[in-house]
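We count residues from 1, following the sequence as given.
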Amino acid sequence: MIASIAEPGQRTAPAPLGHALVKVAEQNPKIVGLSADLAKYTDMHIFRDRFPERFFQVGMAEQVLLGAAAGLAETGLVPFVSTYSVFAARRAYDFLCLDIAEPNLNVNVVGGLPGLTTGYGPSHQATEDIAIFRGMPNLTIVDPCDSVDIEQAVPQLAAAPGPSYLRLLRGNVPTVLDEYDYTFQLGKAAVLRGGADVVLISSGLMTMRALQAAKALEAHKVDVAVVHTPTIKPFDAETVLRELNTDRLALTLENHTIRGGLFETVASAAVLGGVHKQIRPIALPDAFLDAGALPTLHRRYGLDVDSIVATVLDGLA
């Protein structure tokens, strides 16, 4: 049940994180990789096989993983560490906070299985990872849509000062954003398509779903704009509020609980920016989720395209 989110026939790129990390490491000898017994399942094995002397396997010890990465960063190296999001957020939070974020070290944490990208149930579904991490000072948070986002984010995270948390899409990752005039820019949102009736503000895999829903809504004569916000922190409020401050129906879409993620980020930005606007969330419930097949779970919790279309049409009614 650790499944790909790619649909049958969809264009994909294999292990974009691993290949992007190898590419940047070939240019920068300071890049090192670490994992907590999950290299194969977080695409870190690509880096491990290319640079075995620059890869460190710490075993099932996530706190040690982040502590070791902090030590390597203190010597001037640039660590990328991979584990599952639930382990980074729940088990090793204090080590990330005090060993890495407080001294503002360039350690890049890659979290696999974010949100509802596995059917293994609450022990593996990191539905609240952004909520946990948003309050941590100095930490950059990136929620990529596809292989394009991941490939372009890795070198920018390596070059940026301070720590980061990247929500990983693993395996055969959909390739979507190359069809749009888009380039990932750390800290920036992007308007992927315009639309006169509705604006969808999305992050992560939900940007892919937002684009699919926008096309499906054309059959209903509904013109939909899509704003992609791959960087959750620091948040590009300027771009988002410019798109939000209109008469259009506005919705946020995220692969995360409704508590503490994109919806609340956008809502707080709107309040602080003086934009008085109803914003409807499409998000996971504030609950522990079921186990099962991903397509079934996405339908159950409203993340599939048909559910998004129905929510938009209901909002326009």
### Query
Mind checking whether Val110 and Leu169 sit in one hydrophobic cluster, side chains of I, L, V, M, F, W, Y counted as touching below 4.5 Å?
yes
Looking at residues at least two apart in the chain, or sitting in another chain, which of them share a side chain to side chain contact (heavy atoms under 4.5 Å, CB included) with [X]?
X	result
Arg193	Leu211, Ala214, Lys215, Glu218, Asp223, Val226
Arg248	Val199, Ala225, Glu243, Thr246
Thr257	Glu128, Arg259, Asp286

With a 4.5 Å heavy-atom cut-off, do [X] and [Y] have their side chains touching?
X	Y	value
Ile5	Met208	yes
Thr229	Asp236	no
Pro144	Leu166	yes
Leu72	Val107	no

Please list every donor-acceptor pair under 3.5 Å in which a side-chain atom of residues 289-297 meets a protein atom from a residue at least two apart or in another chain.
residue	atom	partner	partner atom	Å
Asp290	OD2	Arg300	NH1	2.8
Asp290	OD2	Tyr301	OH	3.3

### Query
Residues two or more places apart in sequence or in another chain: which of them pass salt bridge (charged side-chain N to carboxylate O under 4.0 Å, His left out) with Glu74?
none
### Message
My understanding is that only residues two or more places apart in sequence, or in another chain, count here; which of them pass salt bridge (charged side-chain N to carboxylate O under 4.0 Å, His left out) with Asp306?
### Response
none
### Task
Taking side-chain hydrogen bond (donor to acceptor under 3.5 Å, both in side chains) as the test, write out the residues that go with Thr140, two or more places apart.
none
### Task
Kindly write out the residues that satisfy side-chain hydrogen bond (donor to acceptor under 3.5 Å, both in side chains) with Thr265, not counting sequence neighbours, or none if the list is empty.
Arg134
Donor-acceptor pair, distance only, cut-off 3.5 Å: does the side chain of [X] make one with the backbone of [Y]?
X	Y	answer
His298	Leu116	yes
His124	Tyr84	no
Ser307	Gly302	no

Once ring-ring contact (aromatic ring centres under 6.0 Å, His included) is applied, do any residues pair with [X], and if so which ones, sequence neighbours excluded?
X	answer
Phe184	none
Phe51	Phe47
Phe95	none

If you look only at distance, which donor and acceptor atoms sit under 3.5 Å apart when one is on a side chain in residues 28-39 and the other is two or more places apart or in another chain?
residue	atom	partner	partner atom	Å
Asn28	OD1	Lys30	N	2.9
Ser35	OG	Leu38	N	3.3
Ser35	OG	Ala39	N	3.1
Ser35	OG	Ser82	O	3.1
Ser35	OG	Ser82	OG	3.2

#### Entry: Pairwise distance CG(Asp43) to CG(Leu21) - rounded to 0.5 angstrom
11.0 Å
### Message
Take a 6.0 Å sphere around CD of Gln57 and say whether it holds more than 12 heavy atoms from other residues, nucleotides or ligands.
### Response
yes
### Query
Between Asp143 and Arg167, is there a side-chain N and carboxylate O pair less than 4.0 Å apart?
yes
